[in-house]
Amino acid sequence: MKITWPFPRVVAHRGGGSLSPENTLAAMQCGLAHGFHAVEFDVMLSQDGVPILMHDEQFGRTIAGAGAVPTTNVALLTTMDAGSWFGPAFIGERVPTYRRVIQFCRRHRIWMNVEIKPAHGVEQATGTAVAAMTLAMLEADQAIPLLSSFSFEALMAAKLVAPEIPRGWLVEHIPADWKAKLLELNAVALHVDQTHLTATTAAAVTKAGFGLFCYTVNTAERARELLDWGVDGFCTDRIDLIGPDFA
Ligand code: G3P
Ligand code: MG
């Protein structure tokens, strides 16, 4: 039996898609300004074990200079400029903690797809910390978030500390053992790279009763095709082209 997808269908990728510096509060504001109350973002641990929003383990792209997230403590990370790389309007935009982003999303009634993005070697610790904080800060009147990760180990750790927070397993290509893996995680969904999805593989997942989520869908034509194949939801960088009510 196919599950009824209980989550939003169109989600702003990394906060505000390609219109703002990813994984910042400015990105969340940008998503909101485009009418999005559903957001995906990436969470990593600082050296001292605090969840912060970040995609890359190494500095150099969204954070200037050399260095890395897992060898930098949160006090320093949260002073770092995560906006300049994007453009002068965002100079001084800081790296936010996950805690601050949860508070922001709660205040603005934004649903969260929290991608657990562990640095190499700290998969279990990251899954544990992110899931524990998600659970601890969840309020009764808040939409239940969806945790996702490419790291099976991180998701297993999340399952252990917060079994009631739903999980989705992220994959680039759907592996042969996908169903066994989802069952082991007790996951509600498979999150796949849309470029490798076909109508046949989509049908296999949905017929097995799992939710199917795609990243990252940036044209209306492709979004329509995926929805026709039974895809339940997707995230997009083009929040200016694909609105929250598209599906
Ligand atoms: O969660 C979907 C998507 O964000 C996964 O890829 O690299 O953008 O985090 P990435
Ligand atoms: Mg992501």
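Counting starts at 1 for both ligands and their atoms, in listed order. Fair warning: this is a prediction, and the values are worked out from it, not measured in the lab.
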Q: For the pair Glu40 and Arg14, find out whether any cationic side-chain nitrogen is under 4.0 Å from an anionic carboxylate oxygen.
A: no

Q: Run through ligand 1 for me and note each protein residue having a heavy atom under 4.0 Å from it, chain first, then residue number.
A: His13, Arg14, Glu40, Asp42, His55, Glu115, Lys117, Phe150, Leu170, Tyr215

Q: Answer whether the closest heavy-atom distance between the side chains of Asp237 and Tyr215 falls below 4.5 Å.
A: no

Q: With 2.8 Å as the limit, jot down which protein N, O or S atoms are around the Mg ion (ligand 2).
A: Glu40 OE2, Asp42 OD1, Glu115 OE1

Q: Any chance you could lay out the side chain to side chain contact (heavy atoms under 4.5 Å, CB included) test for Cys214 and Leu197, step after step, and finish with the verdict?
A: CA-CA 9 Å; Cys214 282; Leu197 192 72; 3.7 Å; yes

Q: So that I can tick it off, tell me whether Lys159 and Glu164 are bridged by a salt bridge, with the cut-off set at under 4.0 angstrom between side-chain N and carboxylate O.
A: no

Q: Taking the side chain as every heavy atom from C-beta outward, state whether Phe104 and Leu32 have any atom pair closer than 4.5 Å.
A: yes

Q: Determine whether Met54 and Asp42 make a side-chain contact, defined as any pair of heavy atoms from C-beta on separated by less than 4.5 Å.
A: no

Q: Could you go through the side chain to side chain contact (heavy atoms under 4.5 Å, CB included) check for Met112 and Leu146 one step at a time?
A: CA-CA 7 Å; Met112 304 185 297; Leu146 177 60; over 6 Å; no

Q: Does the side chain of Asp56 pick up a donor-acceptor pair with the side chain of Thr62 at under 3.5 Å?
A: no

Q: Less than 4.0 Å between a side-chain N and a carboxylate O, is that true for Lys181 and Glu184?
A: no

